[in-house]
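When a ligand or atom number is given, it counts from 1 through the structure's own listing order.
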Amino acid sequence: MIKKCLFPVAGYGTRFLPATKAMPKEMLPIVNKPLVHYGVEEALDAGLFEVGFVTGRNKRAINDYFDANYELEKEIAGSGKEELLTEIRDVINRGTFSTTRQRAMLGLGNAILTGETLIGDEPFGVVLADDLCFGEDDGVLAQMVELYKQFRCTIVAIEEVPDDQIEKFGVIAGDMIRDDLYRVTDMVEKPKKEDAPSNLAIIGRYILTPDIFDILRNTPPGKNGEVQITDALLTQAKKGCVIAYKFKGRRYDCGSIEGFIDATNYCFENFYKSS
Ligand code: UTP
């Protein structure tokens, strides 16, 4: 039912400078796989096989990663090293990969609007690859797809965050439907702690209905002069069409150095050492 997933990956990744001066943040490795690999696997596991990247300058490595590398593959064919390519070959075989480019960094809302050409008029997933998520059983996006089948409206993933973190997120207010579900009534982008309507922060997983594109077209730049997806979601929320879901699993903010290191340690201990 939902087939497509958009990955806005045009951002500069300034928190990782100088590493990101000449390479995309999304290609930094968490142990032996680039960050974006984990997000794409999560999308494929949720049944979203049509993957679209909204890229920018300096992001070519992402396109190359999701394609064959004939020279390298010929070189190591038949050797023990070939099995190191098994996982990425599997990912490439399961999905299709398309790209469009955001010309100027005008914000996440603008990046998603830029992706309209890859999505068209259907509901779709959005993954911010720097939020690395591990679901308890199913992946976080797969959990959200199940909810979409029930509610048929926009679904955002949320998590409780400590007071001193609130200013980094879009924060929701809502009416509780279930202990892990809210119908969103209000949302504020990066509020001061005292202005935040709750401690429920939106993280980088969304299922969006396609009316979001028209809304984004008419959404002026907001906080930090960027077109904010939160502002557009608020328009949907005012019609009762946004559900916030406290996902089952854990999330690492790999856009920050601390989160990146924590995620690396977690993956090393739980996946790499035991493989
Ligand atoms: P971030 O706020 O993490 O920005 O964007 P960033 O540029 O990647 O990182 P820093 O803050 O400079 O270190 C959240 C997500 O939205 C995408 C980013 O690529 C990231 O996945 N994004 C943001 C775009 O694609 N385009 C934009 O104009 C802004």
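Protein heavy atom closest to atom 17 (C) of ligand 1, with residue, atom name and distance, is Pro8 O, 3.7 Å. For atom 7 (O) of ligand 1, the closest heavy atom belonging to the protein is Tyr12 N, 3.0 Å. Atom 25 (O) of ligand 1 has as its closest protein heavy atom Ala10 N, 3.0 Å. Here the protein heavy atom with the shortest distance to atom 14 (C) of ligand 1 is Leu128 CD1, 4.3 Å. Of the protein's non-hydrogen atoms, the one nearest atom 12 (O) of ligand 1 is Thr14 OG1, 2.5 Å. Scanning all protein heavy atoms for the shortest distance to atom 1 (P) of ligand 1 gives Arg15 NH2, 4.1 Å. In terms of protein heavy-atom proximity, atom 19 (O) of ligand 1 is closest to Gly11 N, 2.8 Å. At the top of the distance list for atom 16 (O) of ligand 1, counting protein heavy atoms only, stands Leu108 CD1, 3.6 Å.
Side-chain contact between Asp130 and Glu26 is absent, with no heavy-atom pair separated by less than 4.5 Å. The side-chain heavy atoms of Ile229 and Ile212, taken from C-beta on, include a pair separated by under 4.5 Å. Contact annotation: the side chain of Met1 approaches that of Tyr148 to within less than 4.5 Å [non-hydrogen atoms, C-beta and beyond]. The shortest side-chain heavy-atom distance between Lys25 and Asn58 does not fall under the 4.5 Å cut-off. Between Val227 and Leu113 there is no side-chain heavy-atom pair separated by less than 4.5 Å. For the pair Val145/Asp138, no side-chain contact is recorded, criterion being any heavy-atom separation below 4.5 Å from C-beta on. A heavy-atom distance below 4.5 Å is not found between the side chains of Arg205 and Tyr245. Residues Phe53 and Lys59 are not in side-chain contact: their nearest non-hydrogen atoms beyond the backbone lie 4.5 Å or more apart.
For ligand 1, the atoms lying closer than 4.0 Å to a non-hydrogen atom of Gln102 are 24 (C), 25 (O), 26 (N), 27 (C), 28 (O). Short contacts between ligand 1 and Glu26, defined as distances under 4.0 Å to a heavy atom of the residue, involve ligand atoms 19 (O). Numbered from 1 in the order shown, with element, the atoms of ligand 1 that lie under 4.0 Å from a heavy atom of Asp130 read 3 (O), 20 (C), 21 (O). Close approach to Met105 involves these atoms of ligand 1, each under 4.0 Å from a residue heavy atom: 28 (O). Taking every heavy atom of Lys25 and a limit of under 4.0 angstrom, the matching atoms of ligand 1 come to 3 (O), 6 (P), 8 (O), 9 (O).
For the ligand labelled ligand 1, residue Ala129 lies outside the 4.0 Å heavy-atom shell. Under the 4.0 angstrom criterion for non-hydrogen atoms, Gly13 is in contact with ligand 1.
Scanning all heavy atoms of the two residues, the minimum distance from Cys5 to Ala43 falls at SG-CB, 3.9 Å.
Side-chain contact of Asn63 with Thr99: a donor-acceptor pair under 3.5 Å is present, judged by distance alone.
Taking only nitrogen or oxygen atoms, main chain and side chain alike, Ala104 does not reach within less than 3.5 Å of ligand 1. The shortest N or O to N or O distance between Ala111 and ligand 1 is not under 3.5 Å.
Only backbone heavy atoms of Leu106 (N, CA, C or O) come within less than 4.0 Å of ligand 1; its side chain stays farther off. Residue-level proximity to ligand 1 for Glu226 is absent, since no heavy atom of it falls below 4.0 angstrom. Of all the heavy atoms of Val9, the ones lying under 4.0 Å from any atom of ligand 1 belong exclusively to the backbone.
Residues Phe134 and Phe271 place their aromatic rings such that the two centres sit under 6.0 Å apart.
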Does the pair Gln236 and Thr154 meet the rule for a side chain to side chain donor-acceptor pair (under 3.5 Å), with working shown?
CA-CA 8 Å; Gln236 290 186 326; Thr154 283; 2.8 Å; yes
